[in-house]
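Encoded as structure tokens, the structure appears first; notes follow it.
Any value given below was found using the heavy atoms of this structure, including those in side chains, with hydrogens, waters and symmetry copies removed. Order of appearance sets the numbers: ligands from 1, and atoms from 1 within every ligand. All residue numbers in this chain count up from 1 along the given sequence.
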Amino acid sequence: MRKAIIGGTGVYQLEEARETQTILTAFGSVSYDIMSIEGQEIVFLARHGSKHALPPHKINYRANMMALKMLEVDEILATCAVGSMNDAFAPGDIVVIRDFIDFTKNRPQSFYEGDDTKVVHVEMTDPYCSNLRSRFLQRAGMLEIMVQGEAVYVCTEGPRFETASEIRMYRQLGGDVVGMTNVPEVVLAKELGMCYAAVGIITNWCTGIEGNSIEGHQIDQSMALRKNQVTKAFVDVLTN
Ligand code: HPA
């Protein structure tokens, strides 16, 4: 079986030697890099495209996840840039996502539409694979990469950032971090029976938490600081 890494904002390729290929799925075509590391084939997929041309609400999540399934991937580790509304998680910190709250509005969320497919209600007790989560924590520890904790991810539709009132509400509901892409990615992985875990890199305080508005350069700086550490740990998890 192959393994996969999905790169979110700021993570558009891996350092290792790579070859770009394209696969056609029933939902559209998907480009990915493929590399062999220590005898293990790893597929790398840039969620927003290699030049970040796709905003979160325009990503073809079903094509991406179907492509990984067709490539015989059984384990996926994904990065995601997130804002923090939890005082314990500051910009530059790394968190493991343990659950989500979905506030997306207009995205196909399933491979089972009920037309010519059966009706399926996928189970969500453990949306993020606990085995991959604990292996990531273990390897990060061995590589001396500081992981701040586990976080509940609120997924918004975007592409706009949230209002301060929305963030107050999400916080009251139990959210720790906010992003725009983990739903439906994690849901579709589960429907296809692939183990999926996501690691958040905190890029900013959410709107209204620290007073300042969210700046693009803040997001770029935090990602640049952490992306190599996180992807190194991902490769380590998937090849051991
Ligand atoms: N909100 C939503 N998505 C994000 C944020 C945020 O503050 N930061 C990075 N992705």
Using atom types as modelled, flag every donor-acceptor pair under 3.5 Å from a side chain in residues 184-195 to any protein atom, sequence neighbours excluded.
| residue | atom | partner | partner atom | Å |
| --- | --- | --- | --- | --- |
| E185 | OE1 | R47 | NE | 2.7 |
| E185 | OE2 | R47 | NE | 3.4 |
| E185 | OE2 | R47 | NH2 | 2.8 |
| E185 | OE2 | Y196 | OH | 2.5 |
| K190 | NZ | D126 | O | 2.8 |
| E191 | OE1 | S110 | OG | 3.4 |
| E191 | OE1 | F111 | N | 2.6 |
| E191 | OE2 | S110 | OG | 2.7 |

Quick one: are L71 and Y32 in side-chain contact, heavy atoms under 4.5 Å?
-> yes

At a 4.0 angstrom heavy-atom cut-off, what protein residues surround ligand 1?
-> A81, V82, G83, F161, E162, V178, G179, M180, T203, N204, I214

Under a side-chain separation threshold of 4.5 Å, the hydrophobic residues clustered together with L225 are none

Give every donor-acceptor pair under 3.5 Å between a side-chain atom in residues 233-240 and any protein atom, sequence neighbours left out.
| residue | atom | partner | partner atom | Å |
| --- | --- | --- | --- | --- |
| D236 | OD2 | R139 | NH1 | 3.3 |
| T239 | OG1 | V235 | O | 2.7 |
| N240 | ND2 | D236 | O | 2.8 |

Taking the side chain as every heavy atom from C-beta outward, state whether I97 and C80 have any atom pair closer than 4.5 Å.
-> yes

Determine, stepwise, if the pair F103 / Y170 fulfils ring-ring contact (aromatic ring centres under 6.0 Å, His included).
-> CA-CA 10 Å; F103 276 95; Y170 296 149; 4.8 Å; yes

